[in-house]
Amino acid sequence: MKKVLSVIIGGLVSANAFAQATLPTAWNFDDPQPIGWTEHLDEFANGTRYTNGLLGAACKLDADDEFVMVQFSDVCGGVTYNIKGQGSAANDVFTVEESTDGNTWTALRVFNETDLTAVGSAFGEFTDVPQASSRYVRWYFTNKESGRNVALDEVSLIPQVPTAAQEIGVSQGTDPIVNNGTLVVGNQASVTISIENVNLTGGNDLNISDIQLGGANAGDFTLGVTPNIVTAASSESFQLNFTAGASGSRFATLTISNDDANGDETTFVINLYGIGGNYATEPTAAPTNLSFSSVTSYGYDVSFSDAASVPESYIVVRSIGAAPTGIPADGSTYVKGDYIDGTTQVVHVGSSGTFRPTYNVAGTTYHFAAYSFNGPSGYENYYTSASSANSVTTPENMMGNYYAGIDPSSTSFLTDLQTRISQNYDQIYYGSYAPVMIDKFAHRDTTAGQKVLTGVYSGYQYMYTGAFFYDVMSREHSWPHSWMPTFPDEDGMEYSDLHNLFPVHQDNANAVRSNRPLGEVVSQESSFLDAQYGDNADGQRVYEPRDQHKGDAARAIFYMAVKWNGTGGSWELPNPIDFLVQYGQDQDVLKQWHWQDPPDAWEIARNDFIQSEQGNRNPFVDSVNWVCYIDFETLTYIGEQATPCTVTPDGIEEQLQGEFSISPNPTDGIAALNLNLKDAQSLTINVIDITGRTVSTRTKNFSVGMSREMFDLSNLDVGIYHVVLQGESGRTALKVVLQ
């Protein structure tokens, strides 16, 4: 079997040098994108995925001209792939094509609407054999009609079947090299190159007529004794010696002329990349015109132009709130997601053009700097004397006039609000949660090319590479499915409403909460990171998420009650929940959480993003006061602000800057509030019970640094209290358990 593979070292020499895949090659769309493979999927920067592939995930093609393509280095003996047609529509055309040059394409197989429908809901496996001269295959959505998507999965290409004919293969050490590929010599004095005659025992000899050095710095390289003949199923080696004639990048070509029987590699060319000293030659100019487009609260496109003297590659970094302080270091290899320092993150490594960074939030200024560099992995030389720098500020929100005409003082407020958030609703199916919410919004890039997704209940950080699928995480219904009047139906729009769904750890969060109400845990049964499960002050079994998600969960539940009321029945907060849970969801707890944890920049961006996909908004993220006009336990209009709304600060405020804790906690009465303030200021300190009633208040001036304030809570009932600190620069709240 023929072994002709690229020597891939870092992938930073040039876009074309490492474009070819070696054979065999395969992609299952779960693993990271292999060398030589390309996705052109307009909707998602990181690729669109079905989570229900043949095995794991599958690629989703759902628009005209979307395609998956592979470029390979040698004769392909066959390509096997699995597809299924999702939905049905007339005039669909999906084509599998081949090409010799990547420009002119010929159909290998054409699937029309009838063919796609015949495949049915299960994957069908197909095999095609490209022409010997072809070096590209692509799966191309030639004509997509509304209602039709195509799933592609488990694609595999094999080498040609070995014969007795002479066949060349070249490698350096254990790393095969492709024809016209690049061998990074680096600053090594000598490397060993092997030529193999890859055919059957007893086949023809491979004759080497000439081995020549050429190119700009050919004089830096010399050859040891080279072979003339390589017998069947054997190999011969020779030394390639390197002595740099100058520091920096040194380039040459090595051409092996031979009688390869296929005729496609009779002139086998290896591009040589040597390094004089420690690093490649430094570029002479920075990229230009770094700019932003399609700016929303949840994302934007970044583009930049080539430097005047085009380098081999570029690196773009980002920081929040201030210009990046981290500068790429020569000889260091970075990938997207890496941090150069604690605040400077790499968001792009590659060619000029347009890219889309992950994980953006509302009302935030992002600073970018783009640098030029030359060199393969370990030999990078970054031009840091200048960069293309710019910043973009995401909108505070994108609400606009969405609520025009909605008046909370009107007796029809509740009905008017439901009507408004029910307009323009476009269902995103439950199975599409990952490709929509996770791939496009919730995940973020992190070190070593990985991605991370936060489990909202506990703060669990799920790390993964490639496509996301549900092995650890799940989609949590904040308003549990069993609470819905339409239970057990899973096809209704209410089941898949994005405003209600969040990523959580399945076994340690979703399964633990089950359909229990949310509440404040006094007697803990179990915990997972920052979430806990146990009994509240009334002895009822409840689930308590981490503080950072309490308000988000409350607002999701409030939204569901209003949006879906009347769908299958009443959507009042259930009480009792069912025959096993003989109590209900306490709205006072949710309203307290709503104020304790007001909408932050991430939740606001999420609300904007969901509107862009689903068409509607969560009004309680947009207008925090509106919870005060609704009794969610009866779904009736209150008409005036009632507790806890009148005893908590209005609006959304900055977090008080400093370090705060309460000790001991739990306490039997005497507790200390420990402060470490960044700014001297006057603080009002309120102690608030679970109903929102203020049971203690005081105002005092505090200096910068550490201080302590004592409280005697022994005259209060056992239970959960919040200590709310309100100052000139912001607000914060802490929980204390009185036992």
Side-chain angles (χ1 to χ4, degrees), residues 1-9 17-27 34-37 70-80 98 100 127-137 155-185 191-213 223-240 253-272:
M1 183 174 290
K2 189 168 184 179
K3 296 191 297 180
V4 184
L5 302 176
S6 301
V7 176
I8 307 298
I9 305 181
F18 300 134
Q20 301 175 78
T22 59
L23 298 179
T25 185
W27 195 10
I35 296 297
W37 293 76
V70 57
Q71 179 187 2
F72 44 93
S73 61
D74 199 8
V75 178
C76 179
V79 54
T80 300
E98 62 180 330
T100 59
T127 299
D128 296 306
V129 180
Q131 297 292 320
S133 58
S134 292
R135 292 296 180 270
Y136 297 81
V137 171
V155 183
S156 178
L157 285 76
I158 63 173
Q160 64 178 335
V161 177
T163 68
Q166 64 272 24
E167 181 75 26
I168 189 172
V170 182
S171 61
Q172 189 270 310
T174 59
D175 297 316
I177 308 170
V178 298
N179 188 17
N180 294 309
T182 296
L183 169 61
V184 177
V185 178
V191 296
T192 301
I193 295 178
S194 298
I195 302 175
E196 184 178 3
N197 184 356
V198 190
N199 57 18
L200 298 176
T201 302
N204 300 335
D205 292 340
L206 175 70
N207 296 290
I208 310 298
S209 57
D210 192 21
I211 300 180
Q212 288 284 341
L213 289 163
L223 301 175
V225 177
T226 58
N228 297 317
I229 296 174
V230 183
T231 59
S234 66
S235 64
E236 299 289 341
S237 300
F238 64 94
Q239 295 301 116
L240 172 68
T253 58
L254 178 66
T255 303
I256 304 172
S257 301
N258 64 91
D259 64 347
D260 181 270
N262 285 314
D264 59 319
E265 294 177 315
T266 54
T267 302
F268 196 103
V269 178
I270 305 173
N271 300 294
L272 304 176

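As the structure is a computational prediction, the values presented were derived from the model and not from experiment. Each residue takes its place number in the sequence, starting with 1.
The one candidate from Thr80, Val79, Val137 that meets the side chain to side chain contact (heavy atoms under 4.5 Å, CB included) condition with Asp128 is Val79. For the side chain to side chain contact (heavy atoms under 4.5 Å, CB included) with Leu183, the qualifying choice from Asn271, Ile193, Leu254 is Ile193, the only one to do so. Across Asp260, Val230, Ile208, Asn204, a single residue satisfies side chain to side chain contact (heavy atoms under 4.5 Å, CB included) together with Asn197, and that is Val230.
No side-chain N or O of Ser194 forms a donor-acceptor pair with one of Glu236 less than 3.5 Å apart.
Here CD1 of Ile256 is found 10.5 Å from OG of Ser209. Values are rounded to the nearest 0.5 Å. The distance from atom OG1 of Thr226 to atom CD of Gln212, rounded to the nearest 0.5 Å, is 9.5 Å.
The two residues Ile35 and Gln20 have their closest heavy-atom pair at CG2-O, 3.6 Å. The two residues Cys76 and Val129 make their nearest non-hydrogen contact at O-CG1, 4.5 Å. Pairing each heavy atom of Ala26 with each of Ser156, the nearest pair is CB-CA, 4.0 Å. Contact between Phe72 and Ser134 at its shortest, heavy atoms only, is CE1-O, 3.1 Å. Heavy-atom minimum distance, Gln131 versus Glu98: N-OE1, 2.8 Å. Here the closest non-hydrogen pair linking Pro176 and Thr174 is CD-O, 3.2 Å.
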- Can you check side chain to side chain contact (heavy atoms under 4.5 Å, CB included) on Thr192 and Gln172, steps first, answer last? CA-CA 6 Å; Thr192 301; Gln172 189 270 310; 5.6 Å; no
- Query: Stepwise, does the side chain to side chain contact (heavy atoms under 4.5 Å, CB included) test hold for Val155 with Val70?
  - Reply: CA-CA 10 Å; Val155 183; Val70 57; over 6 Å; no
- Item | Pair Val178-Asn180, side chain to side chain contact (heavy atoms under 4.5 Å, CB included): steps then yes or no | CA-CA 6 Å; Val178 298; Asn180 294 309; over 6 Å; no
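Within the 4.5 Å cutoff, the side chain of Phe238 has heavy atoms near those of the Ile211 side chain. Put simply, the side chain of Asp74 does not reach to within 4.5 Å of the side chain of Pro159, judged on heavy atoms. Side-chain atoms of Arg135 and Val75, non-hydrogen and from C-beta on, do get closer than 4.5 Å to each other. The closest side-chain heavy-atom distance from Leu240 to Ile270 is not below 4.5 Å. Looking only at side-chain heavy atoms (C-beta outward), Asp259 and Leu206 come within less than 4.5 Å of each other. Proximity of Asn179 to Ile168: side-chain heavy atoms (C-beta onward) are nowhere separated by under 4.5 Å.
Between the side chain of Asn258 and the backbone N or O of Asn207 there is no donor-acceptor pair closer than 3.5 Å. Checked by atom type and distance alone, the side chain of Thr100 never pairs as donor or acceptor with a backbone atom of Ser133 at under 3.5 Å.
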